[in-house]
Amino acid sequence: MLTAGCEASPGKSQHMAQADAVRGKLAIERAGCGACHDIPGIRWPKGQAGPSLQGFGDQGMIAGRLPNRPDLLAAYVRNAPATLPGTTMPRMPLTPAEARDIAAYLYAASARR
């Protein structure tokens, strides 16, 4: 049986230890992520400069180039240029804990659909 290249779907491996989706939503609102992104559960603003984050947990890649994993997402959310050089997303004023909480929120919002 050939399974070496298969991975669980994104939703099955997105648990973030010590992260809280409720705090993540608050961090998203505080950091102004909605200014660039359409984010589930964030009423306003609904930015269009960056990609929509609707259904983010179902996507296989972050920014089309990184595997959609909690550790990479938290790193990318906090400091995208260091995680993925050449990206247009700026470094965000977030603590590591806030970045984990935001990642947890994005995964949880996808699961609620």
Side-chain angles (χ1 to χ4, degrees):
M1 185 165 113
L2 182 61
T3 60
C6 298
E7 293 184 29
S9 65
K12 295 187 180 180
S13 61
Q14 296 169 335
H15 174 72
M16 304 233 13
Q18 301 176 349
D20 182 273
V22 173
R23 288 190 315 251
K25 182 177 182 186
L26 295 173
I28 285 170
E29 292 171 338
R30 182 192 61 75
C33 302
C36 292
H37 300 281
D38 177 13
I39 304 170
I42 305 298
R43 290 180 178 232
W44 184 87
K46 298 251 184 224
Q48 297 180 357
S52 171
L53 300 180
Q54 301 287 338
F56 180 82
D58 299 327
Q59 297 176 16
M61 304 294 279
I62 299 166
R65 297 181 21 213
L66 296 171
N68 191 352
R69 296 187 342 224
D71 59 328
L72 291 175
L73 179 56
Y76 185 78
V77 163
R78 185 163 187 241
N79 192 350
T83 308
L84 187 61
T87 187
T88 57
M89 183 164 153
R91 185 178 196 293
M92 299 301 294
L94 300 166
T95 66
E98 288 171 324
R100 285 190 305 272
D101 292 342
I102 287 172
Y105 178 81
L106 293 174
Y107 291 136
S110 291
R112 285 192 290 264
R113 289 183 297 121

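For the numbers below, each heavy atom of this structure counts, side chains included, while hydrogens, waters and symmetry mates do not.
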Nearest heavy-atom pair of [X] and [Y]: which atoms, and what distance?
X   : Y    : result
G41 : Y105 : CA-OH, 3.4 Å
I39 : C33  : CD1-CB, 3.7 Å
A19 : R100 : CB-O, 3.6 Å
N79 : R91  : ND2-NE, 3.3 Å
A80 : M89  : CB-O, 3.6 Å
L94 : A31  : CD2-CB, 4.0 Å

Quick check on side-chain contact (heavy atoms from CB on, under 4.5 Å): which of N68, I62, D71 does Y76 satisfy it with?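 Running side-chain contact (heavy atoms from CB on, under 4.5 Å) over N68, I62, D71 with Y76 returns exactly one hit, I62.
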
Under the salt bridge (charged side-chain N to carboxylate O under 4.0 Å, His left out) rule, collect the residues that match up with R23, sequence neighbours excluded.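 Partners of R23 by the salt bridge (charged side-chain N to carboxylate O under 4.0 Å, His left out) criterion, ordered by chain and then number, come out as D101.
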
Only counting residues at least two apart or in another chain, list the ones meeting side-chain contact (heavy atoms from CB on, under 4.5 Å) with E29.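 If we apply the side-chain contact (heavy atoms from CB on, under 4.5 Å) test to E29, skipping adjacent residues, the hits are K25, L26, I42.
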
With the side chain counted from C-beta on, respond yes when H37 and P51 share a heavy-atom pair under 4.5 Å apart, and no when they do not.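 Sidechains of P51 and H37: in contact.
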
R30 vs E98 side-chain heavy atoms within contact, under 4.5 Å: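 Answer yes - side chains close enough.
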
In Å, rounded to the nearest 0.5 Å, how long is the span from [atom1] of [X] to [atom2] of [Y]?
X   : Y   : atom1 : atom2 : result
L72 : M61 : CG    : CE    : 9.5 Å
I28 : L53 : CD1   : CG    : 8.0 Å
L66 : T83 : CG    : OG1   : 7.5 Å

